[in-house]
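Read through the structure below, which is laid out as structure tokens, and then see the notes.
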2 protein chains.
Amino acid sequence: MPTTIKDIARQLRVSPSTVSRALNNKPGISKKTVSAVNMIAQKLNYKPNSVAVSLRQHRSNCIGVVVPKISNHFFSEAIGGIQEIAAKSGYQILISQTRDGVEEEVNAINALNSGRVDGILLSIGAEVKNLSHIKALSNELPVVLFDRVTTKFDISCVVAEDYDGAYRLTKYLIKSGRKRIVHLAGPRNLEIIDARYRGYRNALSKHKIATRNRLVVECDFDVQKVDQAVRDLVVEGIEFDAIFASNDDMAVQAILTLEQLGIKIPENVAVAGFGNYAVSNIVKPKLTTINHQPRKMGMLAAKTLIKEINCDRNTSQLKVSSELVIREST
Amino acid sequence: MPTTIKDIARQLRVSPSTVSRALNNKPGISKKTVSAVNMIAQKLNYKPNSVAVSLRQHRSNCIGVVVPKISNHFFSEAIGGIQEIAAKSGYQILISQTRDGVEEEVNAINALNSGRVDGILLSIGAEVKNLSHIKALSNELPVVLFDRVTTKFDISCVVAEDYDGAYRLTKYLIKSGRKRIVHLAGPRNLEIIDARYRGYRNALSKHKIATRNRLVVECDFDVQKVDQAVRDLVVEGIEFDAIFASNDDMAVQAILTLEQLGIKIPENVAVAGFGNYAVSNIVKPKLTTINHQPRKMGMLAAKTLIKEINCDRNTSQLKVSSELVIREST
DNA sequence: ATGAAAGCGCTAACAG
DNA sequence: CTGTTAGCGCTTTCAT
């Protein structure tokens with residue numbers, strides 16, 4: 001049995017309240033008592049029971065993090081940033097993954113929303129369409145969405161410059177002479193994916209380039225679909241001179257497939273992604289992309305949540321800047 | 001204020017214990033009461049307070065995970081596996097990262113070892129030499145080490161076939177005609193890294209190849225050191241026809257550096273890594289490596305810990321098989 | 001400067 | 001089948 005505050009009190013023949021006060025540097029305890037308490041606490045290897053503290057204080061000093069997939073490059077980086085900020089502010093982080101599923105997201109949220117955490121960071125799963133569970137959650141607990149967010153109701157969000165990034169990237173492709181730009185899109189119901197798509201479309205129309213439906217292929221985030229999509233385009237003889245994929249993983253797959261088909265990058269087809277994942281600098285040719293700054297997004301989201309937990313009850317919509325990173329693939 | 005069991009009891013004019021029993025499907029409650037309780041619970045949006053439950057039951061249904069770096073490919077995959085098993089068994093996971101530091105590891109452990117978790121999964125930081133905090137921890141709580149383990153005292157561990165994998169890989173390099181094999185080592189005080197080094201050495205000596213100290217370079221996990229090490233070897237005119245790096249990130253860096261130096265892979269120098277990270281299949285030439293199975297290791301570690309939490313107090317040393325994956329770089 | 005008492009929300013032994 | 005009581009470990013009034 002671990003040592004409790006009572007054990008210390010008994011040994012010193014003082015009351016538990018005195019021990020508690022001494023341990024927590026509360027005013028009104030004599031120096032002598034304080035040091036005696038600390039002595040015994042050390043000797044008995046006392047560790048405060050944080051569960052009891054949480055119950056008493058209505059505050060767990062934990063934050064929940066719910067993401068589709070922990071091992072995804074973007075999320076693991078973001079979680080790293082979240083953890084760093086959390087630790088600095090005295091919070092632990094509780095992590096769940098949803099594999100993009102609705103039921104799993106609901107379950108993860110319910111498991112956390114039970115006094116276990118003081119707030120939740122959430123990135124919405126790709127298959128989630130009905131957002132009522134998120135709205136309900138945000139009425140009970142501080143919630144900050146990051147990356148996979150919604151603007152359908154008022155809730156704090158941290159996003160990248162998805163629209164602007166995609167616009168800038170597409171513009172750059174156009175300026176470098178590309179006219180038939182394929183877009184390999186992610187799941188359209190995710191707002192950030194739609195934003196990237198709109199950035200692409202608007203850049204085209206601003207530069208008087210007709211948008212062709214055949215050049216836009218929805219591949220979810222599935223690299224197999226990317227492979228197939230690229231092959232289909234080539235087999236069907238659709239002309240294209242660039243590919244802009246909704247994320248780097250998809251772009252890398254496009255590069256691998258094009259290479260297998262003997263198509264030269266960037267001579268015949270330029271390829272660009274979104275994210276600036278580690279692979280983008282390793283694949284050959286190195287990938288032009290948008291720097292997504294996952295770590296920074298995670299940190300900002302964590303800071304925002306912690307601020308809200310500590311009683312700032314205003315929602316905030318924040319954007320992390322995203323720069324164009326030009327490499328060999330374009 | 002969230003609904004409590006008392007609120008439900010009051011509305012139904014029954015006692016809190018009855019409500020508790022009804023909610024938890026304990027025997028001896030009439031169907032009628034059970035359904036009435038569930039009705040009201042739903043109506044009042046009741047959520048059990050898991051902090052109170054934990055306090056009462058001396059059991060948090062949480063497990064702690066401490067790793068050097070969450071965003072590291074190996075660890076993020078492992079954590080994904082851990083989370084999956086944990087969720088299936090009704091556990092939440094609390095994650096900390098240590099950035100390989102001693103103080104941070106001690107702090108992370110202390111923060112978790114306070115009734116917050118029922119057990120801990122730990123991967124030892126690279127700078128940690130004195131293991132007393134781990135030994136102490138394992139006397140208070142079930143602990144399972146994974147990957148970065150110690151065999152200095154009796155504690156449960158899950159590792160890959162580090163020695164065997166390195167041995168097999170080196171043997172394969174020798175069989176394919178390589179004689180002067182450089183080893184880019186990680187931090188030697190990590191047992192798994194030492195095991196890989198021993199596998200390399202023993203394969204050489206079994207095949208009557210002299211081991212040369214100059215061919216073994218300790219690079220920690222630092223890709224910059226790898227870059228420098230490879231350049232130094234070349235500048236100094238040291239002859240070598242293969243490089244075996246202690247992990248894939250290092251091997252990838254070796255490939256990039258060799259390429260910059262105009263050295264052909266695998267014609268002039270073969271390169272092999274350890275880990276089978278995602279990049280190993282994307283870098284060009286594709287990397288020969290050892291499949292480390294991080295996800296599987298995480299899952300196995302989690303299963304082992306959960307078993308120990310549920311009263312199996314025997315330690316177990318487990319190995320996850322590691323196969324040689326031959327690709328273009330050798 | 002310290003103690004006594006109450007209570008956070010829940011469960012479980014005991015009693016009926 | 002249900003209620004009463006006690007208590008998990010801690011903090012926090014309210015006394016003294």
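In what follows, every chain begins at residue 1, and chains take the letters A, B, ... in the order their sequences are listed.
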Expected list for residues 22-29 of chain B: side-chain donor-acceptor pairs under 3.5 angstrom, two or more places apart:
residue: B:N24; atom: ND2; partner: B:S20; partner atom: O; Å: 2.7

Tell me, with the steps shown, if B:Q317 and B:D154 meet side-chain contact (heavy atoms from CB on, under 4.5 Å). CA-CA 9 Å; B:Q317 281 69 40; B:D154 184 41; 3.9 Å; yes
Evaluate B:S71 against A:S76 for side chain to side chain donor-acceptor pair (under 3.5 Å), listing each step before the verdict. CA-CA 5 Å; B:S71 60; A:S76 73; 5.4 Å; no
Residues in residues 21-34 of chain A with a heavy atom under 4.0 Å of DNA chain D, by number, are A:R21, A:N24, A:K26
Decide side-chain contact (heavy atoms from CB on, under 4.5 Å) for A:I79 and A:V67; before the verdict, give the C-alpha distance in whole Å, the side-chain angles of both, and the deciding distance to 0.1 Å. CA-CA 9 Å; A:I79 293 170; A:V67 297; 4.2 Å; yes
In terms of relative ring orientation, are B:F146 and B:F75 parallel, tilted or perpendicular, with 30° and 60° separating the classes? perpendicular
Please report how far the helix from C:dA1-D:dT16 to C:dG16-D:dC1 bends, comparing the axis fitted to its first five pairs with the axis fitted to its last five, to the nearest 10 degrees. 40°
Would you kindly compare A:Q57 and A:P2 by the position of their nearest DNA chain D nucleotide and give the one closer to the 5′ end? A:P2
Nearest-0.5 Å distance, CG of residue B:L190 to NZ of residue B:K129: 9.5 Å
Hey, does the side chain of A:T4 reach the backbone of A:K6 with a donor-acceptor pair shorter than 3.5 angstrom? yes
Step-by-step side chain to side chain donor-acceptor pair (under 3.5 Å) determination, B:E140 to A:N45: CA-CA 11 Å; B:E140 304 183 19; A:N45 188 27; 3.0 Å; yes
Using atom types as modelled and distance alone, determine if a side-chain donor or acceptor of A:T98 lies under 3.5 Å from a backbone N or O of A:D100. yes
Is a donor on one side and an acceptor on the other found under 3.5 Å between the side chain of A:S89 and the backbone of A:Y91? no
Do any N or O atoms from the side chain of B:N49 and from the backbone of A:G115 form a donor-acceptor pair under 3.5 angstrom? no
Walk me through whether A:N110 and A:H133 qualify under side chain to side chain donor-acceptor pair (under 3.5 Å). CA-CA 9 Å; A:N110 284 339; A:H133 59 294; over 6 Å; no
Close approaches to DNA chain C from residues 36-49 of chain A, in residue order (heavy atom, under 4.0 Å): none
Can you tell me if A:E77 uses its side chain to pair, donor with acceptor, with the backbone of A:Q293 under 3.5 Å? no
Within residues 6-20 of chain B, those residues having any heavy atom closer than 4.0 Å to DNA chain D are B:R13, B:V14, B:S15, B:S17, B:T18
Residue pair A:S60, A:D118: steps toward the side chain to side chain donor-acceptor pair (under 3.5 Å) verdict: CA-CA 6 Å; A:S60 64; A:D118 298 333; 3.0 Å; yes
When you list every nucleotide of DNA chain C with an atom under 4.0 Å from a heavy atom of chain B, which one comes first 5' to 3', and which comes last? C:dC8 to C:dA13
A:R148 side chain to A:I124 backbone, donor-acceptor under 3.5 Å: yes
